[in-house]
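Read the structure below first, then the notes.
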2 protein chains.
Amino acid sequence: MDKTLLEKFKDTLHTNGMKCTPARLLIFKEVYSSSEHFDADEIYFRMRREKKAVSRATVYRTLDLLVENGFVSRVNVGASQVHFENTLAQEHHEHLVCTQCGKIIEFSDKVIEKQQNLICEEHDFFPTKHNLIIFGLCDKCRKRNN
Amino acid sequence: MDKTLLEKFKDTLHTNGMKCTPARLLIFKEVYSSSEHFDADEIYFRMRREKKAVSRATVYRTLDLLVENGFVSRVNVGASQVHFENTLAQEHHEHLVCTQCGKIIEFSDKVIEKQQNLICEEHDFFPTKHNLIIFGLCDKCRKRNN
DNA sequence: ACTGTAATTGAAACTCATTCTCATTTAGAA
DNA sequence: TTCTAAATGAGAATGAGTTTCAATTACAGT
Ligand SMILES: [Mn+2]
Ligand SMILES: [Mn+2]
Ligand SMILES: [Zn+2]
Ligand SMILES: [Zn+2]
């Protein structure tokens, strides 16, 4: 976890008149401790296990805060809970989700992005965000199935 | 609502050993009474208003049944409830969703579909389903905003 | 048409993720 | 150090959807 990033987070808190609390810093660090996708409860339980417990409410509240400030993004992986990922190294990308083992493959594609813009123009639509998710079977699961 | 379609539904029920009940037929007709996207509770309340009340549980159960048999598909429009649409006239398509007025524009695009397949091949991934949703502002809302 | 029975239904209880409430604590400005 | 608005934690509340189960019903077999 990049040191300057933590500073950037602290700056964000400061310039928005929000308090720089232990709970927020711990959650921030937890979120940036891996580059996997995660949900709120995963963070909650990882933190308790590591004896850095904060309340569920605070986890949810802080994740919202991180999303609003671009440190984390919400990811749709077809699950019943909202999933997240930190925005450390990754540029904008989409996901392939294996419906058998849950493996997630990330990709980004210029052709698709460009085509989306064309479509929006055609419909006089101003795009702000998009979400492409492809469900299927990863190589291993396909082989395993036979 | 096409007559042969109702027959097709009845056939499906029959060949799957399921009973052809009034509740199921009413829900089926309600679902095919418009081509808008809808959620379970919309169906539930429309039916009560029209004095064709069935229980919420039956609405949910029947919608699942309709999805499993291809009469209805689940649609992600970024809402907190699951949305559906009947599969009457539409081929497979994606959605532009106006985040201001809720307007939904449908589109389908060969280039994107083809590109998705290429990407899946590259990752040795066997796609079964996908979902593309573009959020933004429709023409009217953009103008209205200024 | 009548029966028997397994499928279906409705009502209400339940689940589970997330949000809200509110009394208590605390960061940080003065 | 003091003061106060912001933040926190515990648990209650919410809301979509699912499950349970006793009562009803479609319909296959007679
Ligand atoms: Mn990702
Ligand atoms: Mn549609
Ligand atoms: Zn897999
Ligand atoms: Zn609009």
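Naming: A, B, ... by sequence-line order, numbering from 1 per chain. In this text the structure is predicted, and so the values were computed from the model without any measurement.
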Ion pair B/K52/B/E30, N-O distance below 4.0 Å: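 No salt bridge links B/K52 with B/E30.
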
d([atom1], [X]; [atom2], [N]) in whole Å:
X	N	atom1	atom2	result
B/L25	C/dA7	CG	P	19 Å
A/I43	C/dT18	CD1	C1'	16 Å
A/L13	C/dT26	CG	C1'	15 Å
B/R48	C/dA11	CZ	P	8 Å
A/F45	C/dA17	CZ	C1'	12 Å
B/F38	D/dG17	CZ	P	12 Å
A/F84	C/dA17	CZ	P	13 Å
A/Y44	C/dC16	OH	C1'	15 Å

Looking at B/F126, does the NZ or CZ of A/R142 lie under 6.0 angstrom from its six-membered ring centre and within 45 degrees of the ring axis?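 No; the conditions do not both hold, so A/R142 does not lie above the ring face of B/F126.
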
Keeping [X] on the side-chain end and [Y] on the backbone end, is there a donor-acceptor pair under 3.5 Å?
X	Y	result
B/N131	A/I134	no
A/R74	A/H83	no
A/E94	A/L132	yes

Quick tally for nucleotides 23-30 of chain D: nucleotides whose base has a protein heavy atom under 4.0 Å get B, sugar-phosphate-only ones S, the rest -, giving --BBSS--

Does anything in residues 49-74 of chain B come within less than 4.0 Å of DNA chain D? Heavy atoms only, and list the residues if so.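 Heavy-atom cutoff 4.0 Å gives B/A57, B/Y60, B/R61.
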
State yes or no: do A/F9 and A/V59 share one hydrophobic cluster built from I, L, V, M, F, W and Y residues joined by side-chain heavy-atom distances below 4.5 Å, directly or via other members?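 Yes, one cluster joins them.
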
Mind checking whether B/H95 and A/H130 have ring centres under 6.0 Å apart?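 No, they do not, as the ring centres are separated by 6.0 Å or more.
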
Take atom NE2 in A/H93; do more than 12 heavy atoms of anything else shown fall under 6.0 Å from it?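 Counting neighbours around NE2 of A/H93, more than 12 heavy atoms of other residues, nucleotides or ligands fall under 6.0 Å, so yes.
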
Establish, from distance only, whether the side-chain atoms of A/R46 and A/S33 form a donor-acceptor pair under 3.5 Å.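 The answer is yes; a qualifying pair exists.
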
